[in-house]
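Reviewing the structure listed below.
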Amino acid sequence: MMFEEYLSHALDSILPSNVKDAMLYSLMNGGKRIRPLLLLETLKGYGYKKELGYACAAGIEMIHTYSLIHDDLPAMDDDTLRRGKPSCHIAFDEATAILAGDGLLTHAFALAAQATNDAVKNERIVRYFSRYAGCNGMILGQTLDIEAESHTSLHIEDLEKIHYYKTGMLLTLPMVCAAIITGHESDIPVWEKIGECIGLSFQIQDDLLDITSTKEELGKNPNSDAQNHKQTYATMMKMEEAQKLCDMYYAKAKKLIEQLSFDNTGLFTILDALRNRRK
């Protein structure tokens with residue numbers, strides 16, 4: 001079974017409701033599946049079958065999807081498009097979208113709790129889910145991002161802190177979980193540095209693409225950062241400088257991966273695809 005098919009059935013145990021429909025709508029509404037790919041290719045690099053990571057990868061994708069549903073809400077970024085289709089609160093309604101996000105988040109932990117046949121590993125995975133997605137992780141980044149909207153003079157270091165948490169944490173989590181599943185927890189400090197680099201490079205790209213890409217390419221409304229009065233890498237430095245910084249972080253991530261006893265072929269392919277993405 002391919003991961004996408006597994007994901008399409010990951011909500012089967014949930015009773016029918018309008019909220020379940022909204023959860024499935026957003027979860028299966030396209031997407032690059034970057035976080036699952038990072039987890040599955042890291043498993044492969046350690047010499048393990050990708051299928052061993054399906055439950056964990058699905059849980060991480062649910063957390064990512066819940067964050068997008070809530071980001072699009074009127075109280076947050078107020079975006080009407082996501083992945084080229086109406087945002088969840090447009091396709092359904094605001095209350096249903098909020099509950100759909102809540103449902104995806106809680107179900108993600110149910111999957112994490114049964115990610116492997118080893119209860120100790122599952123407990124570790126649940127702890128990392130909570131840490132990286134919670135108030136010391138992604139939510140902290142979102143909080144700092146909201147607070148930054150009222151500040152007129154941010155520094156690059158401020159942006160790095162915001163996006164280390166907001167973007168980097170959920171891009172680090174898949175590789176950390178793969179290290180736990182395969183018994184390579186001693187590699188986690190290196191994966192955390194790798195995830196930080198991937199997260200920052202990914203965010204710089206997002207900032208640049210928000211300006212340079214079309215609605216069709218992005219699958220959402222362009223220039224949303226400017227409309228929300230956000231300071232970004234693209235507004236705080238020249239675009240050429242921002243691109244060089246992005247490339248530097250990708251190169252640093254690759255150099256760190258090369259330090260591990262690990263077949264990096266698949267992971268490097270993903271990083272190269274990310275570096276050249278247009279959406």
Note to self: Contact between Ile98 and Leu73 at the side-chain level, heavy atoms closer than 4.5 Å - yes or no?
What the structure shows: yes
Checklist line | Distance-minimising heavy-atom pair for Glu5 and His9 | finding: O-CD2, 3.2 Å
Item checked: Minimum-distance pair of heavy atoms, taken over all atoms of Tyr165 and Lys161 -> CD1-O, 3.1 Å
Next item on the list: Mind checking the CZ-NZ spacing from Arg124 to Lys121? Nearest 0.5 Å is all I need.
Entry: 12.0 Å
Next item on the list: List the atom of Gly195, the atom of Thr172, and the distance in Å for their closest heavy-atom pair.
Entry: CA-OG1, 3.1 Å
Margin query: Can a donor-acceptor pair be found, under 3.5 Å and without considering hydrogens, that links the side chain of Tyr66 to the backbone of Asp102?
Written below: no
Next item on the list: Look at the side-chain heavy atoms of Ile, Leu, Val, Met, Phe, Trp and Tyr, link any pair under 4.5 Å apart, and say whether Leu52 and Met175 land in one connected group.
Entry: yes
Notebook entry, point to check: Is there a side-chain contact between Arg277 and Asp206, using heavy atoms and a 4.5 Å cut-off?
Noted result: yes
Checklist line | Test log, rule side chain to side chain contact (heavy atoms under 4.5 Å, CB included), inputs Ile204 and Tyr249 | finding: CA-CA 10 Å; Ile204 295 168; Tyr249 279 125; 4.0 Å; yes
Notebook entry, point to check: Does the Gln205 side chain pair with the main chain of Arg275, one donor and one acceptor, at a distance under 3.5 Å?
Noted result: yes
Notebook entry, point to check: Is any side-chain heavy atom of Gln203 closer than 4.5 Å to a side-chain heavy atom of Thr232?
Noted result: no
Item checked: Pairwise distance CG(Asp263) to CZ(Phe268) - rounded to 0.5 angstrom -> 10.0 Å
Check: Do the side chain of Asn122 and the main chain of Ala113 share a donor and acceptor less than 3.5 angstrom apart?
Finding: yes
Next item on the list: Using a 4.5 Å cut-off on heavy atoms from C-beta on, say whether the side chain of Trp191 contacts that of Leu260.
Entry: yes
Checklist line | Atom CG of Asn136: over 12 foreign heavy atoms under 6.0 Å | finding: no
Note to self: Could you check whether any side-chain N or O of Asp210 sits under 3.5 Å from a backbone N or O of Asp207, counting only pairs where one atom can act as donor and the other as acceptor?
What the structure shows: no
Notebook entry, point to check: Would you call Arg35 and Glu61 a salt bridge, taking side-chain N to carboxylate O under 4.0 Å as the test?
Noted result: no
Item checked: Linked, directly or transitively: Leu256 and Ile198 (ILVMFWY side chains, under 4.5 Å) -> yes
Next item on the list: Could you go through the side chain to side chain donor-acceptor pair (under 3.5 Å) check for Thr182 and His184 one step at a time?
Entry: CA-CA 6 Å; Thr182 61; His184 290 84; 3.0 Å; yes
Note to self: What's the separation between atom OG in Ser201 and atom CD in Glu196, rounded to the nearest 0.5 Å?
What the structure shows: 10.5 Å
Checklist line | Closest contact, heavy atoms only, Cys177 versus Ile125 | finding: SG-CG2, 4.1 Å
Checklist line | Note, Tyr250 side chain near Leu274 side chain (heavy atom, < 4.5 Å) | finding: yes
Item checked: Ser130 (side chain) donor-acceptor with Arg127 (main chain) under 3.5 angstrom -> no
Note to self: For the NZ atom on Lys44, are there more than 12 heavy atoms of other groups (residues, nucleotides or ligands in this structure) within a distance under 6.0 Å?
What the structure shows: no
Note to self: If you compare all heavy atoms of Ala55 against all heavy atoms of Gln114, which two are closest, and at what distance to 0.1 Å?
What the structure shows: CB-O, 4.5 Å
Check: Between Tyr132 and Tyr128, how do the two ring planes meet: parallel, tilted or perpendicular, split at 30° and 60°?
Finding: tilted
Item checked: Salt-bridge contact Asp272-Lys254 (side-chain N to carboxylate O under 4.0 Å) -> yes
Check: Is a side-chain donor or acceptor of Thr96 paired with a backbone partner of Val19 at a separation under 3.5 angstrom?
Finding: no
Item checked: From CG (Leu99) to CG (Asn18), nearest 0.5 Å -> 10.0 Å
Note to self: Test your reading of the model: is there a side-chain donor-acceptor pair from Arg82 to the backbone of Ser26, 3.5 Å cut-off?
What the structure shows: no
Check: Quick check: does any side chain N or O of His163 sit under 3.5 Å from a backbone N or O of Gly168, one acting as donor and the other as acceptor?
Finding: no
Next item on the list: First locate atom NZ of Lys238, then atom CG of Leu245, and finally report the distance between them rounded to the nearest 0.5 Å.
Entry: 15.0 Å
Next item on the list: Specify the closest pair of heavy atoms between Gly59 and Leu111, including all atoms of both residues, with the distance to one decimal.
Entry: N-CD1, 3.8 Å
Item checked: Min side-chain heavy-atom separation Phe109-Val126 under 4.5 Å -> yes
Margin query: Out of the candidates Leu27, Asp21, Asn29, only one should pair with Tyr25 under the side-chain contact (heavy atoms from CB on, under 4.5 Å) rule; please name it.
Written below: Asn29
Notebook entry, point to check: What is the distance from atom CD1 of Ile139 to atom CG of Leu144, rounded to the nearest 0.5 Å?
Noted result: 12.0 Å
Note to self: Please determine whether the number of non-hydrogen atoms from other residues, nucleotides or ligands lying under 6.0 Å from atom CG of Asn276 exceeds 12.
What the structure shows: yes
Next item on the list: Could you walk me through whether Leu7 and Arg33 pass side chain to side chain contact (heavy atoms under 4.5 Å, CB included), step by step?
Entry: CA-CA 11 Å; Leu7 189 65; Arg33 309 298 189 217; 3.5 Å; yes
Check: Tell me, do Leu38 and Ile60 make a side-chain contact under 4.5 Å, heavy atoms counted?
Finding: no
Notebook entry, point to check: Are Gln142 and His70 close enough, and set up right, to give a side chain to side chain contact (heavy atoms under 4.5 Å, CB included), and what steps lead you there?
Noted result: CA-CA 11 Å; Gln142 291 171 320; His70 284 191; over 6 Å; no
Item checked: Side chain Thr116, main chain Asp118, donor-acceptor under 3.5 Å -> yes
Next item on the list: Find out whether Ile34 and Phe202 are in side-chain contact, i.e. whether some heavy atom of one side chain is under 4.5 Å from a heavy atom of the other.
Entry: yes
Note to self: Please check: side-chain N/O of Asn264 versus main-chain N/O of Leu267, any donor-acceptor pairing under 3.5 Å?
What the structure shows: no
Next item on the list: For atom NZ of Lys20, decide whether the heavy atoms of other residues, nucleotides or ligands shown that lie under 6.0 angstrom number more than 12.
Entry: yes
Note to self: I'd like to know whether Ile181 forms a side chain to side chain contact (heavy atoms under 4.5 Å, CB included) with Tyr46, so could you lay out the CA-CA distance, the side-chain angles of the two residues, the decisive distance to 0.1 Å, and finally the verdict.
What the structure shows: CA-CA 10 Å; Ile181 292 170; Tyr46 277 126; over 6 Å; no
Note to self: Looking at Lys255, I want to see if its NZ is surrounded by more than 12 non-hydrogen atoms of other residues, nucleotides or ligands under 6.0 Å.
What the structure shows: no
Check: In terms of hydrophobic clustering (I, L, V, M, F, W, Y; side-chain heavy atoms under 4.5 Å; direct or indirect links), are Phe3 and Met1 co-clustered?
Finding: yes
Notebook entry, point to check: Should we count NZ of Lys252 as having more than 12 external heavy atoms under 6.0 Å?
Noted result: no
Item checked: Connected via hydrophobic side-chain network under 4.5 Å: Leu11 and Leu68 -> no
Check: Going only through I, L, V, M, F, W and Y residues with side-chain contacts under 4.5 Å, is there a path from Phe92 to Ile69?
Finding: no
